[in-house]
Amino acid sequence: MEGRRVIGWAARDVSAHLSPYSFTLRKTGPEDVVLKVLYCGVDHSDLHQMRGELMPINYPLVPGHEVVGEVVEVGSEVNKFKLGDKVGVGCLISSCGKCLSCNSNNEQYCNQRVFTYGTVNKDGTPTHGGFSSAMVVHQKFVVQIPEKLAPEQAAPLLCAGVTAYSPLKQFNNSDKAIKAGILGLGGVGHLAVLIAKAMGHHVTVISSSEKKKVEALEHLQADVFLVSSNAAEMEGAAASLDYILDTVPAFHSLEPYISLLKAGGKLIFVGVSTKPLHFNNDELILGNKSFTGSFIGSMEETQELLDFWAEKGLSTMIEVVKMDYINKAFERLERNDVRYRFVVEVAGSNLE
């Protein structure tokens, strides 16, 4: 079917200022789902991408990779979805489908993965994200939103949520009590606290100041709040954690956090720093500690998380805005002035 004309909001250059932009969706194929975008989450990596800080960008760029929509059309071979379904699209819209990663439900690590925006479709057209009125996506890269889960609540789970869930899954249903550390209490960090608590972990939130202590302990029900700039507190917590999920999307020192890990503990990176991180490796060697990274999650894990969230009755902490507020939202995001995730009500916005 011929592509349809839609309106999105795009960045034209590294200034990352967004404004209305008209473009044509790629042609729909037999396994494609066409969705009307209802909501889209706002992620810190959107800002990095719009500024060209992560990879070369061809502008105009329509961001947004926490997309919740309603199915308005399905291809002739679509068997997973029907008209009217509430569905989600995360960071990926394609992969090779043949490699070891794809064949083991780890398509996020495929070398030929295609991102939701900022890359190129297999037909050569540019990919554009959820800051637009509609999208066309292959059914494999679409997930079902559970009926019990409000669509705006689901949006942050499609990137931030699964980014936390995927590495934490290895510690779920453990036969021992797990002592967890969550470093940074932003969009990913607050969801990580909720997920870790729902998995039964003892959760320590690690932050650079006391500013978020009440939120961490009272709103998110963390067990301990640790101020990394407080030497006495850090010393008292030495060698106490089984893992630390590092969600900080900026340069920071690593050595203070390595000391918090038990022997055999893991520091897991999910936040992307735009500058190299430095550390001495003696504590890793002497404590059998390790660094590891995790990138978003698979489609299977994304569906798992949505179902887990609905089953546990969890709530994301969001601020819903209209598209005409998006530039202001990014300014506030950069100042860390949001608790904890902006979600754009795309369908209820005037995109023109």
Side-chain angles (χ1 to χ4, degrees), residues 41 66 88 90-92 101 103-109 143-146 148-149 153-206 216-217 219-226 237 239-248 257 260-271 288-317 340-341:
E66 294 179 337
C91 296
L92 299 181
S101 293
N103 288 331
S104 59
N105 287 323
N106 284 299
E107 59 282 331
Q108 73 270 34
Y109 299 115
V143 290
Q144 193 89 45
I145 305 298
K148 291 197 298 184
L149 191 54
Q153 285 275 315
L157 303 179
L158 298 166
C159 173
V162 76
T163 293
Y165 177 80
S166 180
L168 297 194
K169 208 173 92 165
Q170 65 185 291
F171 303 102
N172 197 18
N173 299 318
S174 173
D175 57 1
K176 66 172 185 173
I178 297 293
K179 295 287 189 74
I182 307 300
L183 176 57
L185 199 59
V188 175
H190 99 280
L191 295 173
V193 173
L194 295 171
I195 291 167
K197 286 293 294 181
M199 289 179 173
H201 301 175
H202 181 279
V203 176
T204 296
V205 170
I206 310 162
L217 298 178
H219 300 170
L220 300 174
Q221 302 296 305
D223 299 287
V224 177
F225 188 86
L226 183 58
S240 66
L241 302 177
D242 291 292
Y243 71 82
I244 296 172
L245 190 73
D246 186 341
T247 74
V248 178
Y257 310 112
L260 298 176
L261 294 170
K262 295 177 180 177
K266 292 184 177 181
L267 181 59
I268 308 166
F269 295 102
V270 294
N288 186 32
K289 302 173 185 181
S290 61
F291 286 171
T292 184
S294 181
F295 178 56
I296 51 172
S298 66
M299 299 311 302
E300 183 177 69
E301 288 169 334
T302 305
Q303 189 66 63
E304 279 178 20
L305 172 60
L306 291 167
D307 296 339
F308 175 88
W309 206 262
E311 176 193 339
K312 298 288 186 180
L314 301 176
S315 294
T316 51
M317 298 176 72
Y340 284 94
R341 202 75 168 176

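Both backbone and side-chain heavy atoms feed into the values below; hydrogens, waters and symmetry mates do not.
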Would the distance check show the side chain of His190 and the main-chain N or O of Gly187 forming a donor-acceptor pair, the cut-off being under 3.5 Å? yes
Parallel, tilted or perpendicular, judged at 30° and 60°: which one describes the rings of Phe171 and Tyr243? parallel
Ring geometry between Phe291 and Phe269 (parallel below 30°, tilted from 30 to 60°, perpendicular above 60°): perpendicular
Do Ile296 and Ser166 have side chains that approach each other closer than 4.5 Å (heavy atoms only, starting at C-beta)? no
If we only count heavy atoms from C-beta on, is the Trp309 to Leu149 side-chain gap below 4.5 Å? yes
Could you measure the distance from the [atom1] atom of [X] to the [atom2] atom of [Y]? Nearest 0.5 Å is fine.
X: Leu245; Y: Tyr165; atom1: CG; atom2: OH; result: 14.0 Å
X: Glu300; Y: Gln108; atom1: CD; atom2: CD; result: 10.5 Å
X: Leu314; Y: Leu305; atom1: CG; atom2: CG; result: 9.0 Å
X: Leu168; Y: Glu301; atom1: CG; atom2: CD; result: 10.5 Å
X: Ile206; Y: Ile244; atom1: CD1; atom2: CD1; result: 4.5 Å
X: Ile268; Y: Thr163; atom1: CD1; atom2: OG1; result: 12.5 Å

Is Asp242 paired with Lys262 through a side-chain N to carboxylate O contact shorter than 4.0 Å? yes
Show your working on side-chain contact (heavy atoms from CB on, under 4.5 Å) between Thr204 and Lys179 and close with a plain yes or no. CA-CA 8 Å; Thr204 296; Lys179 295 287 189 74; over 6 Å; no
Evaluate side-chain contact (heavy atoms from CB on, under 4.5 Å) for Leu220 paired with Tyr340, printing each intermediate quantity in order. CA-CA 11 Å; Leu220 300 174; Tyr340 284 94; 4.2 Å; yes
Scanning both residues in full, the closest heavy-atom pair of Lys266 with Leu261 reads O-CD2, 3.4 Å
For Leu306 and Leu158, what are the C-alpha separation, side-chain angles and deciding distance, and is it a side-chain contact (heavy atoms from CB on, under 4.5 Å)? CA-CA 8 Å; Leu306 291 167; Leu158 298 166; 4.2 Å; yes
Go through the steps for Val193 and Gln221 under the test side-chain contact (heavy atoms from CB on, under 4.5 Å), then give the verdict. CA-CA 8 Å; Val193 173; Gln221 302 296 305; over 6 Å; no
